[in-house]
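Down below is the structure, laid out as structure tokens.
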2 protein chains.
Amino acid sequence: MTRCEDGNGTTKCGDHEICADCVLYNLLGQHAEDAFARQLLARLTHSKSALKTGEVLKREEEPFKGLFMLTTGALKTYTISEDGNEQIISFHLPGELIGLSAMGRGYHVGCTVAISPSNLCAMPAQDLEKLCAREPKLQRRLFGLATQELSRRERLHQLMSGSRAEGRLAMALLNIACRLQSHDGSSLHRFRLPMARADLAAYLGLTPETTSRHLRSWESKGMIATRGREFEIRKPNELERMAGQEHVDGQDQDKNRFNLRVV
Amino acid sequence: MTRCEDGNGTTKCGDHEICADCVLYNLLGQHAEDAFARQLLARLTHSKSALKTGEVLKREEEPFKGLFMLTTGALKTYTISEDGNEQIISFHLPGELIGLSAMGRGYHVGCTVAISPSNLCAMPAQDLEKLCAREPKLQRRLFGLATQELSRRERLHQLMSGSRAEGRLAMALLNIACRLQSHDGSSLHRFRLPMARADLAAYLGLTPETTSRHLRSWESKGMIATRGREFEIRKPNELERMAGQEHVDGQDQDKNRFNLRVV
DNA sequence: ATATTGACTTGACGTGCATCAAATGCCCGC
DNA sequence: GCGGGCATTTGATGCACGTCAAGTCAATAT
């Protein structure tokens with residue numbers, strides 16, 4: 001799988017040239033085998049948009065108009081509960097598709113905003129439909145992505161209902177590390193957390209205070225090292241144990257890495 | 001929408017006749033417009049199985065072999081955490097599809113067992129694939145179901161991370177009432193809870209004790225009435241408020257009912 | 001009926017996390 | 001470099017919920 005070379009936060013995709021590193025290309029390119037599909041693909045991959053931190057991608061209850069593929073940056077989708085608290089439903093990291101869950105329902109639940117400067121490829125619903133009708137493989141691929149995400153959500157439910165604060169936090173950290181790494185090939189053990197700790201807390205149903213306390217406790221035990229949002233995981237096994245996953249070493253490493261991608 | 005007339009827990013579907021009341025028929029029937037599809041449909045709808053309480057439908061990590069449509073009864077899928085606790089990932093009620101989340105991944109996460117005597121229609125993967133290839137509408141319908149379930153899971157996450165015990169419990173009760181009703185047309189306000197309270201607790205990340213205490217507290221306030229697993233919801237508005245959903249009455253009733261189907 | 005088993009309830013107690021409040025560090029524009 | 005605003009840390013306190021332990025009830029078998 002090719003990757004975006006976007007170390008500095010800006011995409012290298014040219015304006016009028018299909019970006020070979022773009023995950024969107026990975027998704028569609030392999031299924032685009034005739035002129036019609038290529039043409040659609042070109043339209044899809046060229047309708048790019050850039051968001052600054054805090055800019056809104058889509059608002060609560062907005063009708064579904066298409067999917068987005070995030071190439072660089074990070075977003076969150078959240079709702080505001082009646083008591084005014086922000087509840088984070090999901091984080092979106094580079095290489096991930098945004099909007100699948102709105103397709104069946106027809107409109108979006110929650111508001112999606114950029115939490116870092118982000119670049120996205122927009123995939124309008126009509127174009128997607130045409131392309132799917134023409135390329136059953138793409139249809140199946142999208143279906144597969146939907147059921148995989150469903151499966152990750154189930155695993156997330158498991159962790160949310162089964163773990164206490166420490167376990168949830170460990171799970172989230174490992175998961176984010178793993179998702180970042182699987183896209184840009186960075187290290188699993190060193191990464192920059194894309195979101196504020198308060199966001200992480202809101203995602204896990206915790207308070208920023210609890211989050212901070214556990215992180216500092218881990219730091220004092222030498223399990224992690226942090227400087228602002230820069231994280232270094234020093235004892236992944238311990239963290240994995242707390243996240244409720246047994247550590248497997250040696251040849252099962254891959255399986256283990258897969259498990260981390262649970263959410 | 002037609003319904004199973006299964007008041008006594010046994011399906012009325014004949015052995016060699018397509019059951020017009022079966023939800024499976026609702027799913028596939030409308031898309032089966034040629035002889036080939038009908039033939040497949042007949043095969044699908046006739047491979048039925050019955051499970052007694054406690055019998056296993058599929059085990060942890062079993063490879064995906066097909067979907068099931070539950071016609072009567074109820075099932076749960078769960079995993080055992082390393083400390084020996086049962087964590088319930090989902091409940092399956094009549095009219096619902098079982099196994100979607102295993103399609104992308106290729107194998108099942110969690111073990112699925114019957115919690116009441118149940119009847120299912122099995123839909124083998126190969127048959128499904130053939131039928132999908134022939135009937136794009138069916139393919140799209142399945143995709144729509146997957147993304148809808150995804151959307152419900154997101155909403156569930158929201159409730160799990162945002163509500164305390166009382167809110168989660170209210171949400172679960174209303175949700176189950178709504179799902180039961182939407183299949184068999186029974187009352188939203190009176191129903192028989194298909195699972196033990198301990199199962200409900202395990203699903204919500206609570207203990208049976210907490211669950212019991214809240215239920216009794218509601219009962220003492222006249223919000224609900226219970227006799228064993230028979231439930232009567234006396235003040236739905238109060239419950240909805242606790243579940244974090246504003247009550248809407250009058251013409252918005254339908255929208256409200258829809259909201260209840262969140263999970 | 002009586003015994004038996006498992007589901008449910010109830011109480012006493014401890015703890016993990018939320019809450020409130022304040023201090024500290026960090027980033028950004030000037 | 002300096003100051004303002006936000007993110008993060010830290011502490012003190014209270015409550016919701018988990019834990020442990022009995023007890024009650026309901027369903028089924030004897």
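Everything quoted here is computed from the prediction, not taken from an experiment.
A straight line from CH2 of B:Trp218 to C1' of C:dC8 spans 16 Å, rounded to a whole angstrom. A:Leu200 has its CG atom 14 Å from the P atom of D:dA7, to the nearest Å. Here the C1' atom of nucleotide D:dA22 and the CZ atom of B:Arg213 are 13 Å apart, to the nearest Å. Residue B:Asp199 contributes atom CG, which lies 9 Å from atom P of C:dA7 at whole-angstrom precision. Here the C1' atom of nucleotide C:dG16 and the CD atom of A:Glu209 are 14 Å apart, to the nearest Å. Here the P atom of nucleotide D:dT9 and the CZ atom of A:Arg227 are 13 Å apart, to the nearest Å. Atom pair B:Gln87:CD and D:dG18:P shows a separation of 13 Å (rounding to whole Å applied). Rounded to a whole Å, the CZ atom of A:Arg192 is 13 Å from the P atom of C:dC26.
Within the nucleic acid shown, B:Arg216 comes within 4.0 Å of sugar-phosphate atoms alone, with no base atom in reach, counting heavy atoms only. Within the 4.0 angstrom heavy-atom criterion, only backbone atoms of the sugar-phosphate kind lie near A:Arg229; the bases stay farther away.
Comparing D:dA21, C:dC17, D:dA12 against the side chain of A:Arg164 picks out C:dC17 as the nearest. Here the side chain of A:Thr210 is nearest to one of D:dT10, D:dC17, C:dC17, namely C:dC17. Closest to the side chain of A:Leu206, out of C:dT9, C:dA18, D:dG18, is C:dA18.
Contact annotation: A:Thr207 side-chain N/O to C:dC17 OP1/OP2 distance is not under 4.0 Å. Taking 4.0 angstrom as the limit, A:His214 places a side-chain polar atom (N or O) nearer than this to OP1 or OP2 of C:dC17. Contact annotation: B:Arg197 reaches the phosphate of C:dC8 (side-chain N/O to OP1 or OP2, under 4.0 Å).
Between A:Phe91 and A:Tyr203, the two ring planes are tilted [angle within 30° to 60°].
A donor-acceptor distance shorter than 3.5 angstrom exists from the side chain of B:Thr71 to the backbone of B:Asn119, with no hydrogens or angles considered. A donor-acceptor contact shorter than 3.5 Å is absent between the side chain of A:Arg229 and the backbone of A:Leu193.
For the atom pair B:Leu51 CG and B:Ser116 OG, the distance stands at 11.0 Å (nearest 0.5 Å).
A:Leu204 and A:Met171 make their closest contact through CD2-CE, 4.1 Å (heavy atoms, listed as atom of the first residue, atom of the second, distance).
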